[in-house]
There are 2 protein chains.
Amino acid sequence: MPDRPYHHGDLRSTLLSSAERTLAQRGPGALSLRELAREAGVSHAAPGRHFKDKQALLDALALNGFRRLQASLERARAEQDHAGSDTGDYLLGLARAYVGFAMSNAALLELMYARKHDSDVSDQLAAAVGDMIAIVLDAISEGQRAGEIIEGDPTAIAFTVTSTLHGFASFSGDENTEDVDESLRNVVRLLMTGLSPR
Amino acid sequence: MPDRPYHHGDLRSTLLSSAERTLAQRGPGALSLRELAREAGVSHAAPGRHFKDKQALLDALALNGFRRLQASLERARAEQDHAGSDTGDYLLGLARAYVGFAMSNAALLELMYARKHDSDVSDQLAAAVGDMIAIVLDAISEGQRAGEIIEGDPTAIAFTVTSTLHGFASFSGDENTEDVDESLRNVVRLLMTGLSPR
DNA sequence: ACCTGAACACCGTTCAAGT
DNA sequence: ACCTGAACACCGTTCAAGT
């Protein structure tokens, strides 16, 4: 049982998790395939077997991020189904899931939305964004059926909500968590009531 | 009058505009100080006189971007002052300026909001975002005085509006301009009326 | 199937020296 | 004050060869 077997065994996922840690701790500029290989105890050419180039590794990280973000949103949805809460609370739950992910994975989120992915991967990423909006869309459609959301194209409404969440998440970089949550509740409430006096 | 005088004369701004063109046309990965130096007809070490390192050049690009974005928003504000339009139209004007800039400068906008700048520059960038929100804030405060915007902390309202604009701009990458404008009008209208039935 | 080692072309950065 | 040329350490990528 040598220290470094010739076959690493799990190099691909080792590289991915190592890359994500580096991304979070030291930023995208510190990501180097050669350093990842060194950390994995493998030659600098070994990553090439699992990722055709550096961009392929970044693509995999981004897709992975969307999978986890989506899972987090679905969890928020499941929790709301159990509670019998109204649409505003439902949206707040989704908002907290989105912003929570953004604050815990700021650098990854930036990579997820980066405009530098290969075009085929960009399509997959765009689809992932679509899936995300679809979750908000469900909440909106349910809210409309319950009479708690105005009538009108639910896709357009969901797009507005998701835009707000994403913009808010982008702005709430390294803020205090409590302040952010208070601000977020404010934002969701404003979205519901609107800016025009009634 | 030699082809390449020893002193370039305007190297700093030449590097900046060349960098911005490369950024827009070939993405951030294609940006190399050595290539910029080659394009400027100067040695590869010359950029070091004007930017202490590559990040310093990226910082300058980002700050420049915010200056232009802010100028564009102020132009939208000035236009609204001449017209006697209501707050919704005012906000739509600001929204068009923001989204227009975002669509014409997608890669630059990404750089402007990137979380990898030096901490002192990050402060300047955060201040630039603050200045931007302040323009929206003015619109909101005026709207409140005119009775066209609900009462409540105008900063919180401006923050919500700006979040929505930024999120929308992030999502509206390479879409058709007309579709985007229709979608944007929708978003601003939804922001004004709110999602709750009244 | 998976990895190594050498090789290649390209970086960013520094620094003595030139004009 | 501004730029050059050489030098250094570091990349990403490729490919014959090893196990």
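Only heavy atoms go into these numbers, but all of them, side chains included; no hydrogens, no water, no symmetry mates. Throughout, a chain's letter reflects where its sequence line sits, starting with A, and its residues are numbered from 1. Note that the structure is predicted; figures quoted are calculated from it, not measured.
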Using heavy-atom distances to pick each residue's nearest nucleotide on DNA chain D, tell me which of Lys52(A) and Glu35(A) is more 5'.
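Counting from the 5' end, the first nearest nucleotide belongs to Glu35(A).
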State plainly whether the residues Arg77(A) and Glu142(A) are in salt-bridge range, i.e. N to O under 4.0 Å.
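No, no charged N to carboxylate O under 4.0 Å.
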When you check the gap from the basic side-chain N to the acidic O, do Glu39(A) and Arg21(A) get nearer than 4.0 Å?
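Yes.
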Under-4.0 Å side-chain N/O to phosphate OP1/OP2 contact, His50(A) with dC3(C)
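So the side-chain polar atoms of His50(A) do come within 4.0 Å of the phosphate oxygens OP1 or OP2 of dC3(C), strictly under.
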Does a side-chain N or O from Arg38(A) land closer than 4.0 Å to OP1 or OP2 of dC11(D), or not?
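So the side chain of Arg38(A) is within the cut-off, an N or O lying under 4.0 Å from OP1 or OP2 of dC11(D).
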Tell me: [atom1] of [X] to [atom2] of [N], nearest whole Å?
X        : N       : atom1 : atom2 : answer
Leu31(A) : dC10(D) : CG    : P     : 17 Å
Leu15(B) : dG12(C) : CG    : P     : 12 Å
Lys54(A) : dT14(D) : NZ    : C1'   : 17 Å
His44(B) : dC2(D)  : NE2   : P     : 19 Å
Leu57(A) : dT13(D) : CG    : P     : 10 Å

What is the base-pairing partner of dG18(D), counting Watson-Crick and G-U wobble geometry with both distances under 3.5 Å?
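Per the H-bond distance test, dC2(C).
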Under a 3.5 Å limit for both distances, which nucleotide forms a Watson-Crick or G-U wobble pair with dC10(D), could you say?
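The answer is none; no pair meets the criterion.
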Candidates [options] - which lies nearest the side chain of [X]:
X        : options                   : value
Leu33(A) : dG12(C), dG5(C), dG12(D)  : dG12(D)
Leu11(A) : dC3(D), dC3(C), dT4(C)    : dC3(C)
Arg49(B) : dC15(D), dC2(D), dC11(C)  : dC2(D)
Arg34(A) : dC15(C), dC11(D), dG12(C) : dC11(D)

Please determine, by modelled atom types, if Gln55(B) and Asp59(B) share a side-chain donor-acceptor pair under 3.5 angstrom.
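Yes, because at least one side-chain N or O of Gln55(B) sits under 3.5 Å from a partner of the opposite role on Asp59(B).
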Glu148(B)-Ser196(A) side chain donor-acceptor pair, cut-off 3.5 Å:
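Side chains of Glu148(B) and Ser196(A): no pair found under 3.5 Å.
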With a 4.0 Å cut-off on heavy atoms, is Ser32(A) in touch with a base, just the backbone sugar-phosphate, or nothing at all?
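Counting heavy atoms under 4.0 Å across all strands, the contact made by Ser32(A) is with sugar-phosphate only.
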Just one of Tyr113(A), Tyr98(A), Phe101(A) clears the ring pair (Phe, Tyr, Trp, His ring centres under 6.0 Å) bar with Phe66(A), so which one?
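Going through the options one by one, the only one that passes is Tyr113(A).
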